[in-house]
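To keep things clear, I will list the structure first and then write my remarks on it.
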Amino acid sequence: MDLVVAPDLTRWEWKDEDEYAHVRRLGILSDTEHRAVDAARGEVLAMLTERTGVFAQAERWAAWRWDPVWPTPCLPRPVAATRR
């Protein structure tokens, strides 16, 4: 489950809830796993409300900007597979 939060923390929404419900209907996710996801969702919403954890420095992160003097990051070239 992805949580999409506005930079000012005033609005939020869960992303892909319909897909999650579908996975539940198919039985791919057990009741135990669902309870763990539900508990984690509660924990992250508590952090959001209390402005703790990953949300503790939200104002600072909302103001963050890429420094134009930084080089553009590049992914490494793929390593060729070796034959056995």
Side-chain angles (χ1 to χ4, degrees):
M1 297 293 308
D2 291 328
L3 179 63
V4 180
V5 181
D8 64 359
L9 306 183
T10 59
R11 296 175 322 282
W12 59 267
E13 66 177 306
W14 292 108
K15 186 176 174 187
D16 303 325
E17 283 191 285
D18 51 338
E19 286 93 344
Y20 182 80
H22 185 66
V23 167
R24 290 278 296 143
R25 281 191 302 277
L26 293 174
I28 295 170
L29 201 67
S30 72
D31 289 340
T32 301
E33 291 167 322
H34 172 65
R35 283 191 297 274
V37 168
D38 220 26
R41 286 172 65 155
E43 290 174 21
V44 76
L45 290 179
M47 286 190 283
L48 177 59
T49 301
E50 298 162 4
R51 305 297 194 261
T52 59
V54 297
F55 303 105
Q57 297 181 16
E59 288 178 14
R60 186 174 136 217
W61 282 112
W64 184 89
R65 298 293 179 265
W66 179 266
D67 189 333
V69 299
W70 293 342
T72 302
C74 296
L75 293 173
R77 290 179 166 265
V79 177
T82 58
R83 293 187 179 206
R84 294 180 187 215

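- Remark: E17 CD is packed, more than 12 non-hydrogen atoms of other residues, nucleotides or ligands lying under 6.0 Å away.
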Just list the side-chain donor-acceptor pairs under 3.5 Å for residues 5-16, sequence neighbours left out, or say none.
residue, atom, partner, partner atom, Å
D8, OD1, T10, N, 3.1
D8, OD1, T10, OG1, 2.7
D8, OD2, T10, OG1, 3.2

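- There is a path of hydrophobic side-chain contacts, each under 4.5 Å, that joins W61 to W70.
- Grouping the Ile, Leu, Val, Met, Phe, Trp and Tyr side chains by contacts below 4.5 angstrom, directly or via other members, places Y20 with I28.
- Shortest non-hydrogen contact noted between V37 and M1 is CG1-CG, 4.0 Å.
- Nearest heavy atom pair, residue W66 against residue P73, reads CH2-CD, 3.7 Å.
- Between F55 and T49, the closest side-chain pair of non-hydrogen atoms is not below 4.5 Å.
- Residues satisfying the side chain to side chain contact (heavy atoms under 4.5 Å, CB included) test with T52, not counting sequence neighbours, are M47, E50.
- Hydrophobic clustering (side-chain heavy atoms under 4.5 Å, transitive across Ile, Leu, Val, Met, Phe, Trp, Tyr) groups V54 together with L45.
- Within 6.0 Å of atom NE2 in H34, more than 12 heavy atoms from other residues, nucleotides or ligands are found, so the atom counts as buried in its surroundings.
- With values rounded to the nearest 0.5 angstrom, L29 atom CG is found 13.0 Å from H22 atom NE2.
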